[in-house]
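Notes to accompany the following structure.
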Amino acid sequence: MDFSKDQRERYSRHIILDGVGESGQKKLLSSKVLIIGAGGLGAPVLMYLAASGVGTIGIVDDDAVELSNLQRQVIHGTPDVGIPKAESAENTVKRLNPDVKTIVYKERVTAGNICDIIKEYDFIIDAVDNFSTKFLINDACVLGKKPFCHAGVKGFQGQIMTYVPGQGPCYRCLFEEIPEEGEEDGISQKGILGTIPGILGSLQALEAQKYLIGSGKLLTGRMLVFDGLGMRFRTVGIPENSEHCRVCGTTADITSLQEENYLSVH
């Protein structure tokens, strides 16, 4: 593909950057990324991937914008209150970059639909805020051989890791099982500083960009943990649970997605 005059100017800082260049920018423009969740994490992911010229972005969210979202979900504004989040996010993406094609899914991901949704995408972003959906995304991506980036946030802290098929452990290798009911992340109950998902979501966007252009080292086999109050990052190695992991281990018993295994998805 050849860049138009506007594209050459829009992406000029990428094109002159070692590690991206024209070839990397062309890879971004031909790539497809799915963001599951258009909230605190999904907002910066969507905005940075759109600004960088990812050619196709899928947006999955079944919620509507609420006033309490706006302290962290920066892709939405006050006039968007009451509008479906996926629609509001799409509108912002279109204003940011007309090069980007958006595909909107105003629905929840479930065991019944997630495999069909993710199959056409090159990279998946887990930007949801409950454990059951995170496990569902992990299991679908492992079974579908799709790379994805997980992030989780709570209070003043966050964590991020990336899974690439055949290159390291998955989310279930580390956390194994969905926590008991009542142990969900609970942003609405415990609160969160708005900049924390902004930081972690930006890192998720960076992981996606690095994967798509084939540059740098991804967070595979390790989790990056962020403490906002102490302004500290630390990296924790993740052992591959190759024998006991229920989805990617040698004795895996999750070989297809069954709704009863994700009953608390919401």
Side-chain angles (χ1 to χ4, degrees), residues 33-51 57-96 102-110 114 117 124-137 148-160 171 175 178-205 208 225-231 262-266:
V33 177
L34 181 74
I35 295 95
I36 304 178
L41 289 167
V45 178
L46 281 158
M47 294 173 80
Y48 276 113
L49 292 186
I57 295 179
I59 307 168
V60 184
D61 203 300
D62 72 326
D63 286 338
V65 179
E66 299 177 5
L67 193 60
S68 62
N69 300 150
L70 302 184
Q71 124 307 347
R72 65 194 180 280
Q73 299 180 18
V74 293
I75 201 166
H76 313 298
T78 303
D80 300 317
V81 171
I83 295 175
K85 286 185 181 179
E87 181 181 323
S88 170
E90 180 186 38
N91 291 338
T92 301
V93 167
K94 287 180 176 179
R95 288 195 298 270
L96 275 171
T102 52
I103 302 174
V104 168
Y105 307 84
K106 298 180 199 176
E107 59 187 299
R108 301 170 183 171
V109 287
T110 67
I114 190 170
I117 291 174
I124 314 299
I125 298 287
D126 160 17
V128 300
D129 64 357
N130 67 86
F131 289 116
S132 48
T133 310
K134 290 182 181 299
F135 276 86
L136 175 63
I137 293 168
F148 79 96
C149 184
H150 149 81
V153 292
K154 180 165 34 175
F156 298 92
Q157 300 176 324
Q159 63 189 33
I160 177 174
Y171 180 82
F175 294 106
I178 300 171
E180 294 293 327
E181 187 175 353
E183 295 184 24
E184 295 284 324
D185 287 331
I187 286 175
S188 61
Q189 286 77 37
K190 297 184 179 179
I192 186 168
L193 188 68
T195 47
I196 302 299
I199 292 166
L200 272 296
S202 296
L203 292 174
Q204 285 185 287
V225 180
F226 175 59
D227 170 13
L229 284 182
M231 198 53 74
Y262 312 96
L263 289 179
S264 59
V265 172
H266 63 272

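In what follows, residues are counted from 1 in the order of the sequence shown.
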CZ (F135) and CD1 (I178) are apart, to the nearest 0.5 Å, by 6.0 Å
Just verifying a value: how many Å separate L34 CG and I117 CD1, rounded to the nearest 0.5 Å?
7.0 Å
State, to 0.1 Å, how close L46 and A38 come at their nearest heavy-atom pair, and which atoms those are.
CD1-CB, 4.2 Å
Do side-chain atoms of E87 reach the backbone of A64 as a donor and acceptor pair under 3.5 angstrom?
no
Where does the angle between the aromatic ring planes of H150 and Y171 fall among parallel (under 30°), tilted (30 to 60°) and perpendicular (over 60°)?
tilted
For the residue pair V153 and I192, establish whether any side-chain heavy-atom pair is separated by less than 4.5 Å.
yes
OG1/T195 to CG/L200 distance, rounded to the nearest 0.5 angstrom?
10.5 Å
Can you see which heavy atom on V65 is nearest to which on D80, and at what distance?
CB-O, 3.3 Å
Could you measure the distance from the CD atom of E107 to the CG atom of D62? Nearest 0.5 Å is fine.
8.5 Å
Does H76 offer a backbone N or O that forms a donor-acceptor pair with the side chain of S88 under 3.5 Å?
no
Considering all heavy atoms of both residues, which atom of G39 and which atom of D61 are nearest to each other, and what is their separation?
N-OD2, 4.3 Å
Looking only at heavy atoms, what is the nearest atom pair of P84 and K106, with distance?
CB-CD, 4.2 Å
Would you check if the side chain of K134 reaches a backbone N or O of A151 as a donor-acceptor pair within less than 3.5 Å?
yes
Could you tell me whether Y105 atom OH has more than 12 heavy atoms of other residues or ligands within 6.0 Å of it?
yes
Under 3.5 Å, side chain of Q204 to main-chain N/O of V45, donor-acceptor pair present?
no
Can you measure from CD (E90) to CD1 (I59) and round to the nearest 0.5 angstrom?
6.0 Å
Spatial distance of atom CG (L229) from atom CG (L193) [nearest 0.5 Å]
8.0 Å
Contact summary for P197 and P44, nearest pair of heavy atoms:
O-CG, 3.8 Å
Identify the two heavy atoms, one from I125 and one from A208, that lie closest to each other, and give their separation to 0.1 Å.
CD1-CB, 4.2 Å
Are I160 and F226 close enough that some pair of their side-chain heavy atoms sits under 4.5 Å apart?
no
Quick one: does any side-chain atom of N130 pair with a main-chain N or O of T133 as donor and acceptor, under 3.5 Å?
yes
Passes side chain to side chain contact (heavy atoms under 4.5 Å, CB included), V128 versus I137? Steps please.
CA-CA 9 Å; V128 300; I137 293 168; 4.1 Å; yes
